[in-house]
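Shown next, in structure tokens, is the structure this report addresses.
Quick caveat, the model's predicted, so the values are computed rather than measured. Proteins get letters first, then strands, A, B, ... in listed order; numbering begins at 1 in each.
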Amino acid sequence: MEISAKYTPAQIEAKWYKYWLDNRFFHSEPNEKEPYTIVIPPPNVTGVLHMGHMLNNTIQDVLVRRARMKGKNACWVPGTDHASIATEAKVVEKLKKEGIDKSSLTREEFLEHAWEWKEKHGGIILEQLKKLGASCDWERTKFTMDPDLSQAVINTFVHYYKKGWIYRGIRMVNWDPIGQTAVSDEEVIHKETQSKLYYIKYYVSDNKSEYVTIATTRPETIMADTAICVNPADSRYHSLKGKKVLIPLINREIPIIEDEYVDMEFGTGCLKITPAHDINDYEIGIRHNLPVIDILDDFGKLNSKAEILIGEDRFIARDKIVEMLKESGNFIKEEGYKSQVSYSERTNAVIEPKLSLQWFLKMKEAAEPALEYVMNDTIKLIPEKYKNTYRHWMENVKDWCISRQLWWGQQIPAWYLADGTYIVASNIDEALEIAKTKDSNITKEQLTQDPDVLDTWFSSWLWPISVFDTNVPGNKDAKPNRDLSYYYPTNDLVTAPEILFFWVARMIMAGHEFCNDVPFKNVYLTGIVRDKLGRKMSKSLGNSPDPLNLIEEFGADGVRVGMLLCSSAGNDILFDQSQVEQGRNFSNKIWNAYRLVRGWQVDANAEQPAESKEAVKWFESLLNSSINTIEDHFDKFRLSDALMTTYKLFWDDFCAWYLEIIKPSFGKGIDSNTYSSTLRIFDKLLKLLHPFMPFITEELWSNLEERRDGDSIMIANSPTVEEEIDTVLLADFNLIRGAIVEIRNIRQSKNISPKEELELYYKGQINIALLPVIYKMANISKIDLLENLEKEESGSSFLVNTTEFFVPLAGMIDIEQEIAKIDSEITHLTNFLNSIDKKLSNEKFISNAPKQVIDLELKKKSDSESKIANLSQIKEELLKKR
RNA sequence: GGGAGCAUAGCUCAGUUGGUUUAGAGCAUCUGCCUUACAAGCAGAGGGUCGGGGGUUCGACUCCCUCUGCUCCCACCA
């Protein structure tokens, strides 16, 4: 069969993915083997694959495939997250396009639309992951709003409520006027924004000629002011003590109060206090018993309490108020001012601090064990630098606002009675039972459930538990089922550092609370995928390639390699398509190596050439030592190093050296010994490559030998080191290799065709058994000792380590040039020798340095001395000849 | 404002408790090759004194101080 010179991935990938699925190779059930478990960070159910997912899931797949090939029972659990805010926003937007307003729908009607949307778009991203080759156990696919997972969330709420950690209270929360919900502190992004600082006069009420000047960035909230505040130590304002001022435009009277919070240096040293719309003002208000006037509605528009500009959006109102203040004579000036403005992560709306009634979970106690697990390395963060950040956060946790004013999610299991009290229970029937203990006449209809849903993270923090067993959360008596006790704690979690607190820390808390154990042992934190200019990839910048197009163009294996090559843990990835091209090129290289080997005919009568015999021995040693290196890299989660080691082993050592050495001459067959050794080596190389490049390795492995249906490289055992590594042979080979490179170098610089045979003479240490390799690889006709050389021959000399080589090149040599070359080498070595001598003659060095270091220096000294001697002798010969 | 991290060839990065022939890799570059697996290739080569300055040490890319530049996290100065 004719095989194309170019690897074409498309059909091959589809074929093998189907084969793996049909054979259920991804599926795992508890058995007697050691488990290896990863739970996927569930992507948003309506999300589409972006480069971050590509990186993250490639890494997970590499880890899972490798564990599987190391004989572990590997289980990678996939699934999606319901993502309250993001999904609800998408559904609202979609309805809007159809002319339907969310407010015109009942909760039930809206949820029907939402589920419809979820069924239609949900899981697209999981299908995309399949294109990447992800070996997830799809039979275990979960969704955070599956009925049983939702029930686990409810149970968790009840559990913490009973424990006394959940409470309801009025607090200043981060209000998202677009998302129409409270968001947690972690969902708020501070961005430096150019805004303005406005200086405004507030006249004293009993003396219209006197006024104070305040500086504010939010003039539209002056109608909500309930005081003016100065620092008690500020002598400028002592005369105003106890006086009252009038709010401009609406002329409401408010007191001047004193509080040390005020910074005398900033602005005018005079601060307007707006308890309803600023967290600090709110706290000052509590201290001074000030009223709270909330002039904004949930959409960020002025309400009737504002008295003026009712119904106007807060930002439009700002400009209008400024104009009005100018007209009324209260406006003094405005200056440019840079400040940190809070934005909602989900909707990018400017966050409005808002007082509202919310549910909270106490965090302090939960954080303690969760911190301990990480600090004592029960859970390892990779890279370690995140330990600091983690500790800082855990030592400063605040209570978690877990209620969201949304419909899409798990509704809070609290039922209100007519008298305003409430009952927390797992379901309405339980709630009714409890209610009946107070009032036996009460009916279901009289119970109203809290309309809010729980924060998405309140479900995803259970993920590593609830994908295996939904009984445990909130149910202390339930015994963990077989899956949970087998797969949990999971092994590795691969995720982005930005959700270390959102998600990772909380999973650790939940794991401790419900399973009394860590949820995972290692957390590998990937970097952010950026473009080559260092900008974060985003839709709005349009700088993100479509992952599926990339896969189509370069193959999944190529894309995986491209992503991994530049991804050390915790470092951001500067993505450049050229990396994917490199991955594609590598696929092609592997493909062609296979084409070469496959094209060979075995000649049963052929003897094994000496160089082939040596090459097999050498490569097997090298392969083993590489396996050790790769193992070490994986242990340290240095995946790109592991890949690079494999890459070079295949491309440089196997293709450029091994295959070239054993390659039979044109038209000849290959001896059976070398051939079978080569197949064995190829097999091992494919297995080493498989976790990184699953498709091409499966394709080639399946063709390498007769396979039966149900065979697969993905369930084969990865190669292990069985015999001792011959390090002497490796070193000997390197010397030979160095000599060959030098000879090729001479050819290039002297313009000698590779087809022209040369002779080689040497003096010094060399492994004679490897000489045949030189004959073949450097096209040498004769190798002999230097002492047997006719003295008058001219040629080119070089050293490899301390072995001297000479290539006779009668008439092709510029003797002056050769001498100059040798002179410069001697100078270099002499300088080097001097620096060693300086060290060795330093008494402090001799007395302080460890013996190995001194021995090494002595070895360096003797080596360079003998090199210099050799070179000097060569130079002498040359001088005689000129 | 507080905290953390980074700064090594054109680019992306290694360099594991300071000593391994006076700093490594991949890509890119340059030179020569369509050599019967691969031009998505082959062969060869060049390129950095480790951000600047100071210090500790027999010895520093590696430790300390300082300056410069960048990144990230946290934070309620209007």
Modelled atom types, side-chain donor and acceptor of A:Arg595 and A:Asn592, under 3.5 Å:
yes
Remember a base hit wins even if backbone is also touched, and classify A:Gln340 as base, sugar-phosphate or nothing at under 4.0 Å, heavy atoms.
base
Kindly write out the residues that satisfy side chain to side chain donor-acceptor pair (under 3.5 Å) with A:Tyr594, not counting sequence neighbours, or none if the list is empty.
A:Arg598
By salt bridge (Lys or Arg N to Asp or Glu O under 4.0 Å), A:Arg747 pairs with (sequence neighbours left out) none
Using atom names, set out every protein N or O paired with an N or O of nucleotides 39-46 of chain B below 3.5 Å, distance rounded to 0.1 Å.
from, atom 1, to, atom 2, distance (Å)
B:A40, O4', A:Asn585, OD1, 3.0
B:A40, N3, A:Arg584, NE, 3.1
B:G41, OP1, A:Asn585, ND2, 3.4
B:G41, O3', A:Lys589, NZ, 3.3
B:C42, OP1, A:Lys589, NZ, 2.8
B:C42, OP1, A:Trp651, NE1, 2.7
B:A43, O3', A:Arg744, NH1, 3.2
B:G44, OP1, A:Arg744, NH1, 3.2
B:G44, O2', A:Asn745, OD1, 3.3

Which residues in residues 553-563 of chain A have a heavy atom closer than 4.0 Å to any atom of RNA chain B?
none
List the residues meeting ring pair (Phe, Tyr, Trp, His ring centres under 6.0 Å) with A:Trp657, not counting sequence neighbours, and say none if there are none.
none
Under the side chain to side chain donor-acceptor pair (under 3.5 Å) rule, collect the residues that match up with A:Asp263, sequence neighbours excluded.
none
Between protein and nucleic acid, restricted to nucleotides 1-8 of chain B and to nitrogen or oxygen atoms under 3.5 Å apart, what atom pairs and distances do you find?
none

Please list residues of residues 629-644 of chain A whose heavy atoms come under 4.0 Å from any atom in RNA chain B, ordered by number; otherwise none.
A:Lys636, A:Arg638, A:Met644
Quick one: A:Asp576 CG to B:G26 P, roughly how many Å, whole number?
18 Å
Return the 5'-most residue of the pair A:Phe266, A:Lys844 with respect to RNA chain B, ranking by each residue's nearest nucleotide.
A:Lys844
What residues, two or more places apart in sequence or in another chain, satisfy side chain to side chain donor-acceptor pair (under 3.5 Å) together with A:Asn801?
none
Using a 3.5 Å cut-off on both pairing distances, which stems of three or more Watson-Crick or G-U pairs include RNA chain B?
B:1-7 with B:68-74, B:10-13 with B:24-27, B:29-33 with B:41-45, B:51-55 with B:63-67
Classify the nucleic acid contact of A:Ser578 as base, sugar-phosphate or nothing, counting any heavy atom under 4.0 Å across all strands shown.
nothing
Not counting sequence neighbours, which residues clear side chain to side chain donor-acceptor pair (under 3.5 Å) with A:Tyr337? List them please.
none
Counterpart residues, salt bridge (Lys or Arg N to Asp or Glu O under 4.0 Å), relative to A:Lys859 (two or more places apart)
A:Asp863
Looking for any heavy atom pair under 4.0 Å, which part of the strands does A:Lys663 touch: base, sugar-phosphate only, or nothing?
base
